Amino acid sequence: MLLRGLRKAFGDVVAVDGLDLEVARGECFGLLGPNGAGKTTTIEICEGLTAADSGTVELLGFDWGTGAAALRQRIGIQLQETQFPEKATVEEILRLFRSFYHHGIPVDELIGKAQLEEKRKARVGTLSGGQKQRLAMACALVGDPELLFLDEPTTGLDPQARRHLWDLVEQLKQAGRTIILTTHYMEEADRLCDRVAIMDHGRVIAQGTTPELVALVGADHIVEFAVTGHHTAAPQVNVAQLTAIPGIQSHRVDAGLHQLSVSELHVAVPRIFNALEAQGLHLSEFRTHSATLDDVFLALTGRTLRDD
């Protein structure tokens, strides 16, 4: 997949702003970002559902202007939300979708892949949210696609249903399919994607493997803490004193919580305690974690991946 100079505006709102992306065959590529970052609009342009204002899209050697019929037979799409007729059964839905393709996967095999054997004759209206998502995934796979688009496939699912879908995506990866996945779940991208691009305001602000992106934070760990003082509910922290500690790369405050990027945790933490005590401050919260994609996004934009 190759995108060059992709742009789309809705009135005064620019949803996609000169986007360039390249995804190799057989790669699982993730698009991360908060709601409104432009992920879904980008995917809908790639899927042929929305026309770009400018730029080019090449999929499997085709573009939508000259190769639409071929592309429809070779790609699969799972939308953010799929509505099926509630009176139809799982088997009826899959047989209908299978009829749209010249070649594809047998319905019985799809039902097994989606773990819907016990729901074969069940009406859509009786399915749980996770079962409906697995049905949507089966519909996306019915044409045995070379390129698969998954737009936030696990949003709103409980942890068990989410992991069922993760297992299915893992199987698709092992089968060598090219997958484009949009998500705002850092853990999902970290587990499934070979590379990810972080989007904000319609642009890619960083891309690479998870280790490459985490390296942008400049530290291996994040220390988070909140403090109280003797005479004030909102005491001032001497930031310069903290950032002078060896191994501390940067400082920021998010919703009253101080966050330090730290490269040598075992060295820095005792010195952080000493510095805060010397300032007459007391810890009300303190925790550490390894740097994540969410930390990368926060460092680059001041927002988290899940912010609206």
Side-chain angles (χ1 to χ4, degrees), residues 30-39 152 154-156 158-159 162 182-191 193 196-201 203-308:
L31 281 179
L32 277 65
N35 294 333
K39 305 186 304 295
E152 299 193 13
T154 64
T155 296
D158 61 65
R162 180 174 294 126
T182 74
T183 182
H184 56 257
Y185 293 115
M186 177 276 300
E187 183 185 3
E188 185 164 277
D190 194 33
R191 170 168 170 169
C193 297
V196 300
I198 296 177
M199 290 187 66
D200 194 27
H201 301 299
R203 297 181 179 182
V204 170
I205 59 175
Q207 64 176 304
T209 64
T210 296
E212 289 170 347
L213 291 174
V214 168
L216 294 176
V217 176
D220 299 323
H221 302 276
I222 304 296
V223 171
E224 299 179 327
F225 66 89
V227 294
T228 59
H230 292 301
H231 307 294
T232 175
Q236 293 296 314
V237 174
N238 187 331
V239 174
Q241 187 177 2
L242 290 176
T243 54
I245 294 172
I248 294 183
Q249 309 297 326
S250 64
H251 167 274
R252 59 181 175 267
V253 179
D254 181 38
L257 198 64
H258 294 264
Q259 299 179 339
L260 298 170
S261 299
V262 179
S263 58
E264 294 182 300
L265 195 64
H266 65 290
V267 174
V269 167
R271 296 183 181 183
I272 293 171
F273 290 157
N274 292 336
L276 294 176
E277 183 178 3
Q279 295 177 34
L281 302 173
H282 300 280
L283 289 166
S284 57
E285 294 182 54
F286 189 91
R287 54 182 173 267
T288 68
H289 65 262
S290 298
T292 66
L293 293 175
D294 211 13
D295 296 311
V296 175
F297 194 83
L298 183 59
L300 293 174
T301 70
R303 297 194 290 162
T304 68
L305 291 173
R306 295 173 182 79
D307 282 342
D308 288 335

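Being a predicted model, the structure only gives us computed values, none of them experimental.
- Counting heavy atoms of neighbouring residues, nucleotides and ligands inside a 6.0 Å radius, atom CD of E277 does not exceed 12 of them.
- The only option from M199, Q207, E152 that meets the side-chain contact (heavy atoms from CB on, under 4.5 Å) definition with L31 turns out to be M199.
- Side-chain atoms of V204 and I198, non-hydrogen and from C-beta on, never get closer than 4.5 Å to each other.
- Residue D295 holds its CG atom at 12.0 Å from CG of L213, rounded to the nearest 0.5 Å.
- Using modelled atom types, one side-chain atom of K39 and one backbone atom of P34 make a donor-acceptor pair closer than 3.5 Å.
- Residues Q279 and V237 form a side-chain contact, since some pair of their non-hydrogen atoms from C-beta on lies under 4.5 Å apart.
- By the 4.5 Å heavy-atom criterion applied to side chains, F225 and E285 are not counted as neighbours.
- Under the 4.5 Å side-chain criterion, counting only non-hydrogen atoms from C-beta, V262 is not in contact with D220.
- Pairing each heavy atom of P270 with each of V267, the nearest pair is CD-O, 3.5 Å.
- Taking the six-membered ring wherever Trp is involved, the centroid distance between the rings of H289 and H221 does not fall below 6.0 Å.
- Within the 3.5 Å criterion, the main-chain N or O of I222 finds no donor-acceptor partner in the side chain of S261.
- Between V223 and Q259, every side-chain heavy-atom pair lies at or beyond the 4.5 Å cut-off.
- A 4.5 Å side-chain heavy-atom check between Y185 and L293 finds every atom pair outside the cut-off.
- The closest side-chain heavy-atom distance from L32 to T183 is below 4.5 Å.
- Tested against E212, the residues T209, V214, T210 include a single side-chain contact (heavy atoms from CB on, under 4.5 Å) partner, T209.
- Considering only heavy atoms from C-beta on, V239 comes within 4.5 Å of T243 through its side chain.
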Apply side chain to side chain contact (heavy atoms under 4.5 Å, CB included) to residues T292 and D190 and explain how you reach the verdict. CA-CA 9 Å; T292 66; D190 194 33; over 6 Å; no
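- Expressed to the nearest 0.5 Å, how far NE2 of H258 lies from CG of L283 amounts to 10.0 Å.
- Nearest heavy atom pair, residue A189 against residue V196, reads CB-CG1, 4.1 Å.
- Atom CD of residue Q241 and atom CD1 of residue I248 lie 10.5 Å apart, to the nearest 0.5 angstrom.
- Counting only distance, with no hydrogens or angles, the side chain of E224 and the backbone of L260 share no donor-acceptor pair below 3.5 Å.
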